[in-house]
Each structure stands twice: as C-alpha cells, then as structure tokens.
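Each remark here refers to the structure printed beneath this line.
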Amino acid sequence: MTEKLSENELIQQRRLKLEEIRKKGIAYPNSFRRDSLSADLQQECKGLSKEELEEKSIEVSIAGRIMLQRIMGKASFMTIQDMKGQIQAYIRSNDLPEGQYADFKTWDLGDIVGIRGKLFLTKTGELTVHADSIEMLTKSLRPLPEKHLGLVDTEQRYRKRYLDLITNPESLEVFKKRSQIISSIRDFFTKHEYLEVETPMMHSVLGGAAAKPFTTHHNALDMDLYLRIAPELYLKRLVVGGLERVFEINRNFRNEGLSTKHNPEFTMLEYYSAYADFNDQMNFIEKLFNDLTTEVFETSVIEHNGQSLDFSKPFTRVTLKEAVSQKLSVDPSSLEDRSFLLETAKKLNIDNVDNLSDGKLLFELFEELVEGNLIEPTFITGYPKDVSPLSRSSDNNPLEVDRFELFIGGKEIANGFSELNDPEDQAERFHEQVNQKSAGDEEAMEFDADYIEALEYGLPPCAGVGIGVDRLVMLLTGAQSIRDVLLFPQMKSKG
RNA sequence: GGGCCGUUAGCUCAGUCGGUAGAGCAGUUCGCUUUUAACGAAUUGGUCCUGCGUUCGAGUCGCAGACGGCCCA
C-alpha cells in the first residue's frame, strides 16, 4: 500500500509541494476561522446590483476545497467548495503580499484553503470573493477524480465514499435527504410523546424476526451472543415497564446475501404504543408519511420510477387473500383449499411446498405474485398466524392475526401488528418456533423465557410497527440500490 | 449459488482483423489582470485486474481466479 505512494508521479509532485510548505512554517495550520458559507452568501446577496454590493463593502472569510481553477498571468479565479456548495474567489497578484501569488500558482485541485476578501460581482454577475489574504490549510496529496464527470466507477464510489461525496453533488444530496428524513421522523415521534430509547444490539436469545443471525463471543463472560436481528422483544419489555410509547432508530444485523435491497446491517425504525391496535397504527403511518414528505420535500407527492405517489391520500387496504385471489382470478375461498395452494405454488416453482403450512403457502404466493406490483401505498392485512409468531390473534378468525404490512413501489416498507400480550399464547407460539427450528428452519426464533416472564407481569394492549429506514430513503430519493443510501455499504475485502 | 456485462494513465473513456498502447481532464513548462468545462503552445505519465495457456507475436483469442454491476434463486 505505501509503496504505491512513491510510485505515482502526481503524488510525488504534491509531496514536494508539501515539503516546501513545511519549510516555510506550519503545514497543517488550524488557526484560520471562516465566517461565511457559500450558499449563505449567495442567499444574502441575491438581487443586489454590482454597485450596491460594492457600496456595502462586505468582508468575508471562506474556506473549502479547490474544485476548479482558472489561472492567468497575474490574476486567477478558483471555485471553492464548502459544506453548502461552491463559491468563486478572485486572486490578484497586486492585492497580495510579495511572493504569495507565486505560491498560489502551485496550489492544486483538491487542496483545502482559506480566503479572506470583499464580495463583488463579476462581469457576468457571479458573486465572488476578491481575495486580500489567502492561506493553504490542508495540502491534498492525491489528485481528485475528473473535475466535471466526478467519480463514476461504482465500486470506487462505495469503497471511497469521500471521493463520491466531494465530486458527485447528487450523491451528497441523497445523504443530506437521508439525514433530514431521520430527523423529521424523530421530531414526529417526539411530538407524539414517544420516548426514544436504545436497546441491546447483542442478544443472548434470538428473537423478534425471522432471520439468520451473526454470532459473536464475549470473552469475559465466556458467552456466545447474537447481533440483534430486531429490537422488538426489548421494546415490548419497556412497554411492560410503563414506557407506553417508545421508539428506536438503530441497526439490525442479518446474516444473509447482499442485493440492491439487502445489506447485512441496516437501519430499522421500531415503535410501540400502548392502548392502540393495528388499525390505529395504519392511520398513524399515513400521518407519518404525509408529515414526513411535506416537511422534507415540501410536497406530499413523490415521483417514483416515473409514477406519482400521493402521501396525502389514505392508503389502499386489502387482505392477503383478496390480493392473491384477485391476481389468480379465483374466489378467495379457494385459498382455504390446501390442494389448490399446493398446486399453485408448484406451478410457481416454490421450493419445498409439501413441507409448508397453509399459511406459509399463502404467504409465499403473495410474495411471488403480488408484492412487486404494489406500487401505490398499500396495506395488506389478514396475515396467517404461523408466519406471525409475535402478533395478536384475530378475534374474528383464529387462523389469522391483527397484522399489516405496507408496500410501496413494489417493496415492503413497514410491518406492524397488534402485539400478542397473552403470555400463555406467546409461550405456545415460541414452542412452535422451537419445533420449526429443530425441523431445520434456520430463521425460526428461540424460546425467550425471560420475555414470557415480562409478559406475565402484564403488557398492556398495544401495537407496534417496524419501518425499514434504508428502503424508505430509497423510495423517497429514487435510489435504485440500497448501497446508494448507505454511506459505507458492505463490500468484499480486496487483496 | 446461476446467468449476463465490466476491469486499459490519478480520473473519464477509445483501442479495428492478434502486429511498437491512444484521447480528454488532471499534472509539468511557457504565455495571459474579470475567468467560469478559461484560453493558446509544448510536454510527462501504463502491473492493459491476476495467473496459466495458444501463437513467431496477446490489451485483443482460450481456461482458471479476484473484484464490481445488473438480473435470477
């Protein structure tokens, strides 16, 4: 790795320049203070004429990375990029102390510099800082990607995200939006009197979702632990504890393959409210999405893959059976017939159909036939009990649970249900999970006796929801891959 | 796990039929005091992803592998 540094001529040239800077004094000073940011100045000076601006005689200090240079004999322009955008600086030999213009001419694209000077408008009306003092703050030793095209190579964009962020404004914009989305979500929940909490990332019992875990080991306790696949069972313990409305935005870890929709660590929003059921939560999600889009995008209408999604309207609500039967053009009652389910599943080449329960078969058919076509926001309800081990049984149908999933743009965005707060029912469901695990289902949950004990103290009637934050950000920013909304997506190590 | 595509200068990309490896940007040198993809002139820079093979000769053809992308499971 280090030998490559000396090989490259461009880096060598920059190192020589750094040596010269070191000889003259402090090479990496931290005494320059800026007082202005590019976009703020442009905002403040908007509409001012050349003369008005001159009269105001505004002296500013700006700092940032040199992105473009236009060097002439005794005067030059350069474009400086800071956290809010770019601004032009005008450097004139006459206005600087002896020798400084010559130093300036050795500066490279990518160097980080500080400029003090008066604002003015150029002939073409561009707001520019007329430098009366310039300073090298951080010499950059490596050349930036191509100045107009930016970093294009996908692999490098993910592995060296900093270069992507420096050179691709649209990439930076996605991560700014991600931050605003999460911040807006926090505000929403705080406003509705939810308490933000952090629950363990390392679990000794696997539960809360159907997924394969990462395992690790605590040396001092000599104890194997799982990285959590979901925070659910801890959040519900908190509801037992009287935190009647809680939410957590944090990472989950699932030991599965990578795709445009999957990263082994991903961000999940989970929240629980006592004295609410799954219907209340569907209404609450509609409000969340409407508020979120309006706050972050200043409109409730989001363009997604050429289609307009309006989050101010109530979302469609259909049952799983309705959705599947419509797709198959059959009567919903035929989905209660196991032989029909089996036959249909086999036609779709679903694996191991004979070992699946009726509920799982129906669920598989839904995933295969319907899920990808749910573009408009749609709540699916009527989930089979055996794919929902933590959900409250439906009062009307003992085979179903009070659960919904929200699909938008063909992707699962949220999953919520009335919580199962009957400790005896929950214990039975755990037993079923354990049986499935011994039958070879690697994604089944373990029996969580401590959680059952908590339920025995009394979990108030409540309902909770999980929302995949990365997929939500994808949806709202139009990103086609989860890697485009994760700053550092998981990559194979190289070399 | 399977299929398809990609990997060439720091970056973005060409590279014909297998015959001395190219451009633009960046860099270097010179000129230029309101430029803005600044401009004009000259110029440096290569593990053609890796290995093996075919061949008089491989960036190019074959095989194996690495990494990445997309699709499928």
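A note on names: the letters A, B, ... follow the listed sequences, proteins ahead of strands, and every chain is numbered from 1.
Between the P atoms of B/G10 and B/G45, the separation comes to 12 Å (whole Å). Nucleotides B/C32 and B/C70 have their C1' atoms positioned 49 Å apart, rounded to a whole Å. Taking atom P on both nucleotides, B/A64 is separated from B/C5 by 14 Å, rounded to a whole Å. B/G2 and B/G65 are spaced 9 Å apart, taking the P atom of each and rounding to whole Å. Annotation: B/U60 and B/A21 have their C1' atoms spaced 12 Å apart (nearest Å). One P atom belongs to B/A38, the other to B/G27, and the distance between them is 11 Å to the nearest Å. Between the C1' atoms of B/C49 and B/U44, the separation comes to 25 Å (whole Å). A distance of about 30 Å separates the P atoms of B/A26 and B/G69, rounded to the whole Å.
Contact check, A/Arg70 against B/A38: a side-chain N or O comes under 4.0 Å of OP1 or OP2. For the pair A/Lys147 and B/A26, the criterion of a side-chain N or O lying under 4.0 Å from OP1 or OP2 is met. Between A/Arg159 and B/G68, a side-chain N or O to OP1/OP2 separation shorter than 4.0 Å is present. Remark: A/Lys17 is in phosphate contact with B/U28, judged by side-chain N or O atoms under 4.0 Å from OP1 or OP2. Phosphate proximity of B/C70 to A/Arg483: present, with a side-chain N or O under 4.0 Å from OP1 or OP2.
Here the side chain of A/Ser481 is nearest to one of B/G10, B/C70, B/U12, namely B/C70. Looking at the side chain of A/Leu151, the nearest of the listed nucleotides B/C70, B/G68, B/C11 is B/C11.
Between A/His203 and A/Tyr226, the ring center distance fails the sub-6.0 Å criterion.
Across residues 92-103 of chain A, A/Arg92, A/Asn94 each have a non-hydrogen atom less than 4.0 Å from an atom of RNA chain B (numbered order).
With a 3.5 Å limit on both pairing distances and Watson-Crick or G-U wobble geometry required, the stems of 3 or more pairs in RNA chain B span B:1-7 with B:66-72, B:10-13 with B:22-25, B:27-31 with B:39-43, B:49-53 with B:61-65.
Using a 4.0 Å heavy-atom criterion, one finds that A/Tyr158 contacts the sugar-phosphate atoms exclusively. At the heavy-atom level, A/Gly257 lies nowhere under 4.0 Å from the strands shown. Among the heavy atoms of the strands lying under 4.0 Å from A/Leu149 are primed sugar atoms or P, OP1, OP2 only; no base atom is included. Note on A/Leu163: nothing from the nucleic acid sits closer than 4.0 angstrom, heavy atoms only.
In this structure, A/Arg34 CZ and A/Arg116 CZ are separated by 13.0 Å, a value rounded to the nearest 0.5 Å.
Contact of A/Glu126 with B/U35 (side chain to base): no donor-acceptor pair of N or O atoms is detected under 3.5 Å.
Judged by distance alone, the side chain of A/Ser357 and the main-chain N or O of A/Lys360 form a donor-acceptor pair under 3.5 Å. Remark: side-chain polar atoms of A/Asn373 are paired, donor with acceptor, to backbone N or O of A/Leu369 under 3.5 angstrom. At least one donor-acceptor pair closer than 3.5 Å links the side chain of A/Ser438 to the backbone N or O of A/Asn435. A distance-only check finds a donor-acceptor pair linking the side chain of A/Asp337 to the backbone of A/Ser339 [under 3.5 Å]. Under the 3.5 Å distance criterion, the side-chain polar atoms of A/Ser334 are left unmatched by any main-chain donor or acceptor of A/Val330.
Heavy-atom nearest nucleotides on RNA chain B were determined for A/Val152 and for A/Leu68, and the one closer to the 5' end corresponds to A/Val152.
With hydrogens and angles left out, the side-chain atoms of A/Tyr383 and A/Glu400 include no donor and acceptor closer than 3.5 Å.
Between A/Arg65 and A/Asp82 no salt bridge is recorded (no basic side-chain N to carboxylate O distance below 4.0 Å).
A cation-pi arrangement is absent between A/Lys261 and A/Phe266 under the rule of less than 6.0 angstrom and at most 45 degrees off the ring axis.
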